[in-house]
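What follows is a set of notes on a single structure, which appears directly below.
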There are 2 protein chains.
Amino acid sequence: MTSTKNLLTKDRKTRPETASKKAYHHGDLRAALIDATRQLVEEKGPDSFSVSDACRLAGVSTAAPYKHFKDKTEMLVAVVLEGMARHRENMLAALEGIPEGSPERITAIGMEYVAFALNEPGIFRLKFGGFTDRISDPRLDEGGQQSFEILLTEVAKCLGESEITAEVRRRGFLLWSFVHGLSFILRDHGLAEKGEEFDLQTLLDDVAERMLN
Amino acid sequence: MTSTKNLLTKDRKTRPETASKKAYHHGDLRAALIDATRQLVEEKGPDSFSVSDACRLAGVSTAAPYKHFKDKTEMLVAVVLEGMARHRENMLAALEGIPEGSPERITAIGMEYVAFALNEPGIFRLKFGGFTDRISDPRLDEGGQQSFEILLTEVAKCLGESEITAEVRRRGFLLWSFVHGLSFILRDHGLAEKGEEFDLQTLLDDVAERMLN
DNA sequence: TCGTCAAGTTAGTGCCTCTAACATATGTTA
DNA sequence: TAACATATGTTAGAGGCACTAACTTGACGA
């Protein structure tokens, strides 16, 4: 589906691009397994994901992944890391063309945050749903921190601060909490709450104003 | 630990309370298994929970649970339902003694919401963390809705409305989103964000004021 | 050309969920 | 009170999964 090959693979020299060798060796099994894992996590849900399924999808034996990943958890971590990088890129892209220091930049980030939760709920849950008993990799915390910094930078500009002060951090934390919770709720229940519908953009504008004034 | 027997068991007539019959029949295995499940879910995390472990803890064979529960998922649902009832009771109890219509009632609910997430993270995650691919029981949605109604009632009073209007629902939704997200973040990272600490009560007061004014 | 090593394979272990068939206690009814 | 029906336990076992060990293939460098 997505052409994310080589994102997480170690560089290899002179890989022959004649991919159809009917090869005993796969070519880039690591990337293929990550693709398969992401697909299955979204299709069946993270809980129902099995390494065996990923192997079947990639067309290899069930022992093959262990040449590339320590265990099942490491496969999931790889998928989440890749997803978080995409998430950050999306948020940064959403900022383009919006004037610096305007609250629209805050809401744009929020919209993108929610969009990721709705478009890739499986990965969103793996990262944020508290898989913490299974997955605890420092790289995941780093990634989350980087996303948070993006928000803080914008909050600082909105508040007219030249650097990230305690107050900026505090406001950012409030905004983050809100959008984070909103993402979970929307993913689980949708925007229609007992027949009444909220407009997401309006909701975010409202909150940004309340939090930043 | 907690004496929650009979909470979820069908009434049985004339249960002999001479529990130590070295009995082939357990007495109240259903309740014992729910207890064991809750304990294990908190100790090891929902992902690592296994029916076999619960059986060992309860001292029965691994086939015994299936006389009381359809499958593993139904065991978890039972634990979550029981936890949600406790959660609602806690929130209602937290309101006692606080004058009607004051925003302190809102923050008291928020504090209790967060407290549950921190005290019973396993159950919190099972309910809200999006186990939705495995667990989807209408009773869970009902329970969540009931909790939300508690909040809405208080929001209406704070806004001086005699019934739950669209605006009440909207404000309640904003508050819920915030506290929900806050719960997740605190459970995952704690209140100390890079050395700076927020006071939870102050944070909630602040947000309530911003959302209700 | 040959040896080495990365990256596949098959076979197998141990744990898990869940089912089938059997065993035992309990309480109802003749 | 005896016998039956039913609820609730048991053991045995099927089938799936994560992961390992030992073997095989083939690509690359000396």
Side-chain angles (χ1 to χ4, degrees), chain A residues 8-34 36-37 40-41 44-78 131 133-135, chain B residues 8-34 36-37 40-41 44-78 131 133-135:
Chain A
L8 283 163
T9 40
K10 352 171 180 170
D11 272 351
R12 293 214 197 75
K13 335 164 186 176
T14 63
R15 169 143 315 289
E17 289 301 335
T18 60
S20 60
K21 268 247 176 115
K22 209 161 201 49
Y24 184 91
H25 286 70
H26 181 283
D28 199 348
L29 181 55
R30 185 185 160 91
L33 283 172
I34 289 178
T37 299
L40 289 170
V41 160
K44 321 250 182 182
D47 298 314
S48 309
F49 167 75
S50 76
V51 175
S52 312
D53 275 344
C55 291
R56 275 185 283 274
L57 194 55
V60 293
S61 75
T62 58
Y66 299 94
K67 299 294 179 186
H68 299 274
F69 304 93
K70 184 174 129 278
D71 55 18
K72 177 179 177 173
T73 296
E74 211 175 69
M75 290 176 71
L76 292 171
V77 167
F131 236 73
D133 49 330
R134 235 189 219 162
I135 298 183
Chain B
L8 284 165
T9 40
K10 350 171 180 170
D11 272 352
R12 291 213 198 75
K13 333 163 186 177
T14 64
R15 169 145 316 287
E17 290 300 336
T18 62
S20 61
K21 269 252 175 111
K22 210 155 199 51
Y24 184 91
H25 286 70
H26 180 282
D28 200 347
L29 181 56
R30 185 185 161 91
L33 284 172
I34 289 178
T37 299
L40 290 169
V41 160
K44 321 251 182 182
D47 298 314
S48 309
F49 167 75
S50 77
V51 176
S52 312
D53 275 345
C55 290
R56 276 185 283 274
L57 194 55
V60 293
S61 75
T62 58
Y66 299 93
K67 300 293 180 185
H68 298 274
F69 304 92
K70 186 173 128 278
D71 55 18
K72 178 179 178 173
T73 296
E74 211 175 69
M75 290 175 71
L76 292 171
V77 168
F131 235 72
D133 50 329
R134 234 188 218 164
I135 297 183

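Letters go in sequence order (proteins before strands), and every chain restarts at 1.
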Can you name the closest pair of heavy atoms from [X] and [Y] and give their distance?
X       : Y       : result
B:Ile34 : B:Ala78 : CD1-CB, 3.9 Å
A:Phe49 : A:Leu76 : CD2-CD2, 3.9 Å
A:Asp71 : A:Tyr66 : CA-CE2, 4.0 Å

Side chains of residues 50-60 of chain B: which donor-acceptor pairs under 3.5 Å do they make with residues two or more places apart or in other chains?
from: B:Ser50; atom 1: OG; to: B:Asp53; atom 2: N; distance (Å): 3.0
from: B:Ser50; atom 1: OG; to: B:Asp53; atom 2: OD2; distance (Å): 3.4
from: B:Asp53; atom 1: OD1; to: B:Arg56; atom 2: NH2; distance (Å): 2.9

Find the distance [X]:[atom1] to [N]:[atom2] and express it as a whole number of Å.
X       : N      : atom1 : atom2 : answer
B:Leu40 : C:dC16 : CG    : C1'   : 15 Å
A:Asp71 : D:dC17 : CG    : C1'   : 14 Å
B:Glu74 : C:dC18 : CD    : P     : 10 Å
A:Leu29 : C:dA7  : CG    : P     : 10 Å
B:Phe49 : C:dT17 : CZ    : C1'   : 11 Å
A:Lys70 : D:dA18 : NZ    : C1'   : 12 Å
A:Asp47 : D:dA18 : CG    : C1'   : 16 Å
A:His68 : C:dA6  : NE2   : C1'   : 9 Å

Could you check which of [options] has an atom nearest any side-chain atom of [X]?
X       : options               : value
B:Lys67 : C:dA21, D:dC19, C:dG8 : C:dA21
B:Ser61 : C:dT9, C:dC18, D:dT11 : D:dT11
B:Lys72 : C:dG8, D:dC19, C:dT17 : C:dT17

Can you list, in residue-number order, the parts of residues 50-58 of chain A that come under 4.0 Å of DNA chain D, counting heavy atoms only?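 Residues of residues 50-58 of chain A under 4.0 Å from DNA chain D: A:Ser50, A:Val51, A:Ser52, A:Arg56.
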For the helix from C:dT1-D:dA30 to C:dA30-D:dT1, figure out the bend between the end axes, five pairs an end, and round to 10 degrees.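 Axis-to-axis angle, ends of the helix: 10°.
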Name the residue closer to the 5' end of DNA chain D, choosing between A:Ala63 and B:Ala63 according to the nucleotide with the nearest heavy atom.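 Looking at the nearest nucleotide for each, B:Ala63 comes out on the 5' side.
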Spatial distance of atom NE2 (B:His68) from atom CD (B:Glu74) [nearest 0.5 Å]: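 Taking NE2 in B:His68 and CD in B:Glu74, the distance rounds to 12.0 Å.
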